[in-house]
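Throughout, a chain's letter reflects where its sequence line sits, starting with A, and its residues are numbered from 1. Quick caveat, the model's predicted, so the values are computed rather than measured. Computation of the quantities below employed the complete heavy-atom set of this structure, encompassing side-chain atoms and omitting hydrogens, waters and symmetry-equivalent molecules.
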Amino acid sequence: GAVVSQHPSRVICKSGTSVKIECRSLDFQATTMFWYRQFPKQSLMLMATSNEGSKATYEQGVEKDKFLINHASLTLSTLTVTSAHPEDSSFYICSARDPSIGETQYFGPGTRLLVL
Amino acid sequence: GQQLNQSPQSMFIQEGEDVSMNCTSSSIFNTWLWYKQDPGEGPVLLIALYKAGELTSNGRLTAQFGITRKDSFLNISASIPSDVGIYFCAGPLLGAQKLVFGQGTRLTINP
């Protein structure tokens, strides 16, 4: 149980385009999902907390107009990187929390974004 | 942002050796989580601890939730090549949903 999927696993795009990443909880309902960014050899950096049916809460320094988050259902959250630039290239990971079993977060496999 | 203090940052061991890593914090946590991350993958939950003093095993892995609620350790016994990776401790801040993470322990095993 507690499986989280992400799609796509990797994407290469041209500078200026927008990229959408999907995060799905496959066998549980997640009222809250989280989006992280990870740089090489570093720990995970929380970008935003995504609550189903309401606006996402962004961490300090993360541009909400740049990283659009939508959590329209209890099993799906999307992160859209708008007008991507090479500095947005990174490893993006989502996680989901199953409220029925407490604070534990289950992570997706990650999405590698390369902006040319 | 706030982080957990995780040590050691890296370990180079021989196959078959036991491994021990720990996390400490100046704040109290009600939950301690240990994850393992392989290259190019998302973190995978190894052990979740919910009660002070709790000692939990998952195969060759054992983790404990410190009595003070400010620390936790993870032990791996009889290491094997597939144990290679980065191990993270994490915990939710009291009253918050988000997790804070340790800096990670990178485990390398020499065959």
Check whether the ring centres of A/Tyr106 and B/Tyr35 lie less than 6.0 Å apart, and answer yes or no. no
Chain B heavy atoms under 4.5 Å from A/Gln6: which part of the residue, side chain, backbone, both or neither?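 No part of it gets close to chain B.
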Answer with yes or no whether the side chains of A/Glu103 and B/Thr31 bring together a donor and an acceptor at under 3.5 Å.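 No, no side-chain donor-acceptor pair sits under 3.5 Å.
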Cut-off 3.5 Å, side chains only: do A/Gln38 and B/Gln37 have a donor facing an acceptor? yes
Answer yes if [X] and [Y] sit in the same cluster of Ile, Leu, Val, Met, Phe, Trp and Tyr residues linked by side chain heavy atoms under 4.5 Å apart, and no otherwise.
X       : Y       : result
A/Val11 : A/Met47 : yes
A/Trp35 : A/Met45 : no
B/Leu4  : B/Phe73 : no
A/Tyr36 : A/Phe67 : no
A/Val81 : A/Tyr58 : yes

4.5 Å side-chain heavy-atom contact, B/Glu41 and A/Phe107: no
Any side-chain heavy atom of B/Phe101 within less than 4.5 Å of one from A/Leu46?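 Contact flag for B/Phe101/A/Leu46 side chains = no.
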Part of B/Leu45 within contact of chain A (heavy atom distance under 4.5 Å): side chain
Calculate, to the nearest 0.5 Å, the distance between atoms CD1 and OG1 belonging to B/Ile47 and A/Thr104 respectively. 12.0 Å
Other residues, nucleotides, ligands: >12 heavy atoms within 6.0 Å of [X] [atom1]:
X       : atom1 : answer
A/Lys66 : NZ    : yes
B/Arg60 : CZ    : yes
A/Glu63 : CD    : no

Ignoring hydrogens and angles, tell me if any N or O in the side chain of A/Ser43 forms a donor-acceptor pair with the backbone of B/Gly102 under 3.5 Å.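 Side chain of A/Ser43 to backbone of B/Gly102, a donor-acceptor pair under 3.5 Å: yes, one is there.
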Using a cut-off of under 4.5 Å for heavy-atom pairs, which of B/Gln6, B/Gln97, B/Gln103 has the most such pairs with chain A?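 The option with the most such pairs is B/Gln97.
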Choice from B/Pro92, B/Pro43, B/Ala48, B/Gly104 maximising heavy atom contacts with chain A below 4.5 Å: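 Most pairs with chain A among the choices: B/Pro43.
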